[in-house]
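By convention in this document, chain letters (A, B, ...) are assigned in the order of the sequence lines, proteins followed by strands, and residues within each chain are numbered from 1. Because the structure is a prediction, the values reported are computed rather than measured.
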Amino acid sequence: MICLTNADKQPAWCPGCGNYAILKAFNAAIAESGLAPDDLVLVSGIGQAAKFPHYVTPPVNIYNGLHGRALPAATGIKLANHRLKVVVTSGDGDMYGEGGNHFITAVRRNIGVVAFVHNNQVYALTKGQASPTSDLGFVTKVQTHGSLNMPFNPLALAIVEEASFVARSFSGDFEHLKSMMLAALHHPGGFALLDILQPCVSFNKVNTYQWYKEHVQPIDPAHDPRDKRAALELALQWGEHIPIGILYTGSRPSLESQLPALQGGTLLEQLG
Amino acid sequence: MICLTNADKQPAWCPGCGNYAILKAFNAAIAESGLAPDDLVLVSGIGQAAKFPHYVTPPVNIYNGLHGRALPAATGIKLANHRLKVVVTSGDGDMYGEGGNHFITAVRRNIGVVAFVHNNQVYALTKGQASPTSDLGFVTKVQTHGSLNMPFNPLALAIVEEASFVARSFSGDFEHLKSMMLAALHHPGGFALLDILQPCVSFNKVNTYQWYKEHVQPIDPAHDPRDKRAALELALQWGEHIPIGILYTGSRPSLESQLPALQGGTLLEQLG
Amino acid sequence: MDLLIRIAGEAGQGLQTTGSLLAGALSKLGVHVLSTQSYMSRIRGGLNWVDLRLGDSELTSGCDKADLLVSFTTVGRDVLQGEMVPDGIILLDAENDDKSIAVPFTKIARESGGSTLMANTVATGLLFALLGYDTQALLDYIREEFAHKDNEIINANLAAAWAGINHAEVMKKIAAPRPTNAPKSITSGASAIALGAATAGVKVVCSYPMSPSTATLAALAALADKYHMVVEQAEDEIAAINMVCGATYAGVPALTTTSGGGFALMVEGLSNAGMLELPAFIVLAQRPGPATGMPTRTAQSDLQFALHGGHGEFPRAIFAPGSVEQCFALTRQALEVAHRYQTPVLFLTDQYLQDMEQNIPALDADAPPINRHILADASADYLRYAVTPDGVSPRAIPGGAARVVMDSDEHDSAGHLSEDFAIHMEQYDKRLRKEVAIAETALPPEYYGPPDAENLLIIWGSTYGAALEAVDRLNDSAHSYGMLHFTQLWPLNLPAVANMLAGFKQHITIEGNATGQFAALLREQGLIEKCPHIHRYDGLAFTADFIVDAILGGK
Amino acid sequence: MDLLIRIAGEAGQGLQTTGSLLAGALSKLGVHVLSTQSYMSRIRGGLNWVDLRLGDSELTSGCDKADLLVSFTTVGRDVLQGEMVPDGIILLDAENDDKSIAVPFTKIARESGGSTLMANTVATGLLFALLGYDTQALLDYIREEFAHKDNEIINANLAAAWAGINHAEVMKKIAAPRPTNAPKSITSGASAIALGAATAGVKVVCSYPMSPSTATLAALAALADKYHMVVEQAEDEIAAINMVCGATYAGVPALTTTSGGGFALMVEGLSNAGMLELPAFIVLAQRPGPATGMPTRTAQSDLQFALHGGHGEFPRAIFAPGSVEQCFALTRQALEVAHRYQTPVLFLTDQYLQDMEQNIPALDADAPPINRHILADASADYLRYAVTPDGVSPRAIPGGAARVVMDSDEHDSAGHLSEDFAIHMEQYDKRLRKEVAIAETALPPEYYGPPDAENLLIIWGSTYGAALEAVDRLNDSAHSYGMLHFTQLWPLNLPAVANMLAGFKQHITIEGNATGQFAALLREQGLIEKCPHIHRYDGLAFTADFIVDAILGGK
Ligand SMILES: Cc1ncc(C[n+]2csc(CCOP(=O)(O)OP(=O)(O)O)c2C)c(N)n1
Ligand SMILES: Cc1ncc(C[n+]2csc(CCOP(=O)(O)OP(=O)(O)O)c2C)c(N)n1
Ligand code: SF4
Ligand code: SF4
Ligand SMILES: [Mg+2]
Ligand SMILES: [Mg+2]
């Protein structure tokens with residue numbers, strides 16, 4: 001039988017892919033965070049970004065489930081054992097497309113899960129169709145006349161539906177990305193969203209590394225992330241300037257902090 | 001065999017249900033609208049509200065499909081024959097719960113479908129569980145300690161994702177409701193959302209007719225629905241005052257107006 | 001003897017209150033009680049009925065024809081009067097009527113000082129007296145049941161019951177089964193499943209409401225505080241099953257409840273549980289389809305879907321209890337199988353069994369949790385999908401030194417994505433071997449009937465009770481019938497089942513569907529040939545009457 | 001004679017370009033060409049290969065062992081060198097090598113003035129020359145194919161091809177099939193389906209991307225302008241199927257394309273189409289599961305899921321083409337069935353057939369649209385679900401005087417929700433009668449082999465080509481084999497099929513899955529007994545080699 005083990009080199013990403021930079025920042029952030037790898041679970045769906053957990057060093061616990069379903073799986077894990085640090089790391093198609101309903105609900109439920117969305121504005125693994133965040137007019141083999149759907153604004157949605165942590169970063173800015181990851185990982189309670197702009201060198205020839213580089217702009221340090229209106233204002237910006245940084249932090253208690261059954265310890269502990 | 005025909009009285013709603021008032025306003029709005037019943041299709045999912053199309057007079061074309069899937073079905077109908085007037089009329093659970101992903105996408109796709117959401121803030125047909133719009137603390141047999149999820153804000157979501165028509169009304173205000181229905185039905189292009197506050201006398205003892213009556217407040221006529229920031233401000237209000245009226249109108253072209261294949265007539269016509 | 005009381009009226013008229021009060025008080029007295037529900041998909045109006053079957057020995061199912069119909073509406077009387085035994089008695093809530101005995105329940109309620117809804121309590125009093133039961137027992141029961149309510153309410157109910165009792169004085173009494181030592185604990189199928197799951201150690205319940213499964217969901221929610229369960233309503237069924245997958249990954253038994261349409265949305269997740277080897281547990285309460293179908297009626301028409309739902313090939317086990325007691329015990333056994341073999345398990349009930357209530361010996365609320373078969377102290381070199389003879393890999397959970405790695409892509413023994421063909425086949429075979437292992441320890445079907453019966457009724461799930469009664473009646477009339485009842489539907493222990501099927505002159509399959517789904521499975525497995533069958537698919541449950549009539553050609 | 005050329009390398013190295021150029025140019029010359037694809041689930045790197053089989057008579061499938069391997073990477077050579085015929089020739093892109101013939105394709109490309117990617121064009125030139133084909137034909141073909149590109153690009157490619165041709169001069173020539181009058185039109189399974197659908201009148205396509213179905217979606221998008229189709233990417237598979245339901249309600253043929261996991265999300269919608277009686281059409285391109293499985297490989301493991309997916313009982317038809325030509329014709333026939341009987345149809349392909357390319361007689365791009373069986377001028381008293389002998393109700397669409405009413409709840413003949421038991425059974429029976437009607441006109445399986453064969457290979461779908469070849473080879477070696485190929489898998493015309501299955505000493509089922517799904521169906525239907533089987537489930541397609549080896553025990 002043909003043996004593909006030697007051909008199956010890791011990571012399975014293209015040279016120059018923005019995912020490498022995210023991986024580097026993630027490894028660094030985890031190392032700095034003081035989080036115990038034993039208690040860290042990475043959850044993903046399916047896509048190029050979703051392969052991410054397999055490449056993290058040192059190795060972590062991994063639940064790499066179905067396309068679009070990372071958030072409900074992560075929610076189940078967190079409910080079962082809320083001492084685990086549960087981090088979702090998946091693509092824009094996964095989280096905002098197939099998983100759209102779960103995304104809204106994770107925000108509303110305020111489950112203590114951290115979500116890193118590798119937003120390359122394209123379905124890369126399936127070879128380049130429009131994703132929810134693709135620009136208007138984005139041409140592909142399926143969108144032959146260009147995408148006609150208004151690009152999805154995940155940050156604005158998260159803010160109006162009262163997410164407790166909403167931020168954006170860019171894979172091309174290591175320090176910024178690492179600091180955003182740390183902020184998300186240390187966010188005290190509830191759902192934390194970090195949207196990460198990530199160039200896809202193979203299928204997105206519009207929003208390239210260069211393009212992002214020219215457009216991203218760190219948020220003015222004077223911005224108060226507790227100011228919802230100001231946060232919304234930032235979230236609605238996408239064009240000449242794309243703000244990166246922490247847009248919004250709310251003050252809702254996390255779901256797990258409110259559930260009566262969890263007050264005596266994790267469900268896992270209670271099983272003995 | 002037991003024959004239930006005589007027992008199966010129509011409508012299948014409780015005495016006092018807000019749906020009756022919506023039905024009355026709808027029948028009146030259609031009569032006034034000048035829309036030809038032949039070309040009118042009512043689309044719904046499953047729920048108490050979703051039974052609505054069967055009771056409309058004069059009778060209309062009906063596609064009463066699956067729970068949560070009214071919007072994709074309506075989209076398919078509109079794509080196939082965009083001369084039809086396609087109106088979705090369904091519940092909050094149907095449209096914002098099970099159908100959440102389709103709701104976001106209908107907004108983004110800007111398909112020329114009119115959506116009337118009978119928002120009673122509860123899953124009524126299944127006997128009273130929390131819906132996405134239920135208030136925090138809403139107690140049911142499943143939410144025994146009260147709902148912990150932040151209530152879903154459909155209007156704010158629709159505005160930030162650039163819907164082309166966003167309005168709210170109340171089943172208890174016939175004239176207002178009829179006028180909002182007419183405005184939505186006559187909206188020239190793209191997806192039109194009308195959220196209708198509807199008391200459920202059987203399962204929602206919090207947001208009652210009286211409660212709504214005390215809280216709804218018509219939007220100041222000076223409000224400019226093209227002003228997105230102002231619209232958002234209104235959409236974020238829910239408490240002492242609940243604004244009713246047209247919050248927002250955008251200017252995006254509808255999907256059907258942009259599709260090359262539809263330029264020579266409807267797909268149905270092109271089939272000959 | 002046994003007696004069927006049918007209480008009919010509109011949704012919202014409180015028929016269930018009447019039913020529950022009667023059932024509770026009678027079972028306190030020691031009468032055998034079994035109740036079933038027939039209702040429409042509406043909140044008010046329409047025509048619903050509760051059947052209360054009383055007996056002086058154990059009861060196993062409802063029946064078609066009523067001995068006594070109490071109808072709170074004329075429509076109810078009109079529709080249901082054709083479903084009476086000869087000389088059956090009909091009481092109608094009316095001041096006078098020429099087709100039935102008029103009893104002005106509502107008026108009596110009002111006159112006794114209560115609201116119209118108290119007509120129910122009037123009816124319980126009247127029936128208790130009419131059937132010659134000790135009315136003091138009813139009054140005591142009402143006091144007990146309403147103990148946590150206002151004094152005013154208690155007294156109003158007592159007054160209403162009294163008024164009913166008094167009204168009965170002038171009426172002709174009806175012979176009814178005498179109290180025996182029937183067990184006292186009224187339990188529904190839905191709540192027996194919930195208690196089975198709670199005691200077994202289920203701690204996470206994620207569901208989206210859907211009739212008739214919501215009864216189990218609500219029963220679980222009612223137990224949540226006592227058993228420290230998180231009952232989380234999911235945004236949709238897809239979320240529900242994936243939350244269950246997540247929770248079981250983390251080591252906590254979890255389940256979801258749903259019905260056909262919701263299950264349809266779960267089958268991708270089912271396939272995922274098969275691939276990740278998670279003990280996901282789905283309670284599938286059947287109702288007639290396709291699509292929305294008849295949401296409040298019963299069916300056994302999702303078996304083939306349960307067998308084959310989900311893409312690709314992976315092991316699963318399917319169970320279907322036949323009685324309220326089996327609901328409890330089988331839930332626990334099925335959860336055990338899910339955890340022992342680390343694979344999804346489907347638990348099939350239906351509207352009939354979900355809603356059926358019966359007085360049974362109290363279920364063991366302190367039954368021990370099942371063994372979750374978790375490997376403590378797995379070390380850093382742990383392999384989640386180690387290849388073993390029976391396909392079961394030792395199961396660690398995250399939070400320790402071992403890295404627990406799962407991938408819905410084909411993966412190597414460590415759990416990491418692999419595209420190698422040999423690894424694919426090795427893991428594929430490993431997974432399928434688990435189904436062979438489950439088959440080896442599969443629950444055998446239960447035989448009932450004379451050892452030398454000539455004809456074998458083959459049934460599964462909730463048809464149990466009706467078939468038991470049918471077999472007795474058939475054999476009474478000098479026929480020779482046995483029955484084989486399956487509670488484990490898949491995988492089957494083929495040699496054992498073949499053995500039990502052998503030696504009959506005729507097989508007759510009985511199923512609550514139109515196409516004969518279990519029969520098809522048995523034929524496919526080479527266990528039976530094409531054979532006569534009895535199918536019921538009007539939305540109602542099998543009764544002994546239906547089966548006997550079908551066999552003896554009475555219908 | 002025939003020859004297998006295998007071109008291997010990393011994703012992103014342009015193997016498909018080499019394959020397409022060669023296939024195109026050779027088919028222009030009149031050589032029979034059949035190509036298949038093996039690739040990993042990654043965009044760059046890994047190991048992919050394209051197999052080009054050349055013949056001087058018609059080809060029907062690929063094969064395991066290569067006569068000639070061209071590898072652009074050492075890994076490719078190392079991995080695939082075990083899959084060569086004895087004395088097979090291996091060319092490696094290298095300046096020197098001791099295990100294979102070094103040909104510095106990349107270096108030649110650079111030296112000829114092109115980019116590294118032009119190594120592909122160099123290879124085509126070299127192969128053309130090496131196999132003794134008229135190199136002018138290649139150069140002409142390149143000019144034609146690149147006609148719409150810049151002159152610079154055309155010239156660079158011509159230069160690269162020339163450099164390859166020149167390099168071949170010093171090399172030993174390889175015997176290859178001579179040109180005949182093979183048809184000129186290179187077509188893939190995926191695009192033949194797309195053309196079948198477009199010509200049949202499909203005007204709405206709603207899909208969510210998923211390998212290997214995306215090839216059909218993209219092919220439909222490429223035809224959209226010409227055939228005035230709306231190709232809409234759905235937000236998820238649930239939306240896709242429900243959009244299809246909506247479009248067909250409005251009278252326009254519509255389809256969705258998906259693979260196992262996406263299909264799993266569609267089965268609720270499938271049941272809905274069954275209930276509403278809509279001609280929903282699903283192209284289900286299979287890949288190995290469960291869950292995400294192996295996204296880029298092939299399988300036949302979703303048949304039982306296709307048969308039973310969706311809750312409740314409703315009619316459906318299932319088709320699976322066996323060749324590129326059948327992809328076109330059968331798509332049209334299957335759409336016709338969907339519309340004639342107003343019920344969902346599943347069209348099963350797989351990665352192997354989707355990606356297979358072959359030169360076949362040009363498909364009829366102007367084939368007439370199918371009959372949609374729409375009732376014109378239905379009047380106001382129209383009943384959408386009128387009860388008829390064959391279950392098919394006259395079908396009107398909205399926009400006229402008739403009100404077209406559909407409800408996913410059980411409904412009366414007018415389409416309005418009904419909870420009546422008798423109406424339920426009437427409509428239930430009506431729907432199921434349609435499946436009986438479809439069975440009566442079902443496509444019979446195709447027999448190939450001697451009239452008196454003793455052994456019958458039973459196959460379905462894409463195994464067709466490999467089995468045809470296997471039968472010939474088996475009979476060459478004095479065995480007696482025939483084959484029966486099913487393209488309509490459900491419903492079956494039982495008497496016709498039983499007839500065709502009769503009279504053989506032995507049945508052997510051959511399926512691309514581990515559990516024998518079609519065999520199970522045939523047993524369930526009483527058509528065959530348990531019998532020997534050949535299963536392949538490593539993710540690769542059947543070849544004649546595989547079948548012959550399995551039968552003659554060579555493996
Ligand atoms: C149910 C289902 N539908 C479709 C797919 C096919 N699929 C795999 S990945 C993917 C899109 C991935 O896009 P994204 O999440 O943005 O990840 P990227 O590859 O861009 O990193 C799709 C559609 C699938 N695996 N499962
Ligand atoms: C897939 C699926 N899941 C669940 C259900 C059960 N169900 C029917 S209606 C309903 C909720 C209805 O709520 P809403 O849309 O708010 O309508 P209402 O009854 O309140 O008017 C649910 C959960 C279903 N029919 N299908
Ligand atoms: S296809 Fe795009 S996202 Fe995927 S690895 Fe390549 S560059 Fe990265
Ligand atoms: S249950 Fe509520 S929504 Fe349904 S009919 Fe009654 S009042 Fe109306
Ligand atoms: Mg992406
Ligand atoms: Mg509601």
Which bit of [X] comes within less than 4.5 Å of chain B, counting heavy atoms only: side chain, backbone, both or neither?
{"X": "I241(D)", "result": "neither"}
{"X": "L417(D)", "result": "both"}
{"X": "L278(D)", "result": "side chain"}

Check each atom of [X] against the heavy atoms of chain D and say whether the ones under 4.5 Å are side chain, backbone, both or neither.
{"X": "L268(B)", "value": "both"}
{"X": "K51(B)", "value": "side chain"}
{"X": "D8(B)", "value": "side chain"}

- Message: For chain B, which candidate among G415(D), A247(D), G201(D) shows the most heavy-atom pairs at distances under 4.5 Å?
- Response: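 So the answer, after comparing G415(D), A247(D), G201(D), is A247(D).
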
- Message: Is any side-chain heavy atom of P53(B) closer than 4.5 Å to one of V405(D)?
- Response: no

- Which of the residues I77(B), L4(B), N61(B), L42(B) is involved in the greatest number of heavy-atom pairs with chain D at under 4.5 angstrom?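 Most heavy-atom pairs within the cutoff with chain D belong to N61(B).
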
- With side chain to side chain donor-acceptor pair (under 3.5 Å) as the test, would you mind laying out the steps for H54(B) and D407(D) before giving the verdict? CA-CA 9 Å; H54(B) 297 278; D407(D) 193 337; 2.9 Å; yes

- Salt bridge R109(B)-E232(D), side-chain N to carboxylate O under 4.0 Å: yes

- Query: Sequence neighbours excluded, which residues qualify as side-chain contact (heavy atoms from CB on, under 4.5 Å) partners of S259(D)?
  - Reply: M210(D), P212(D), R287(D)

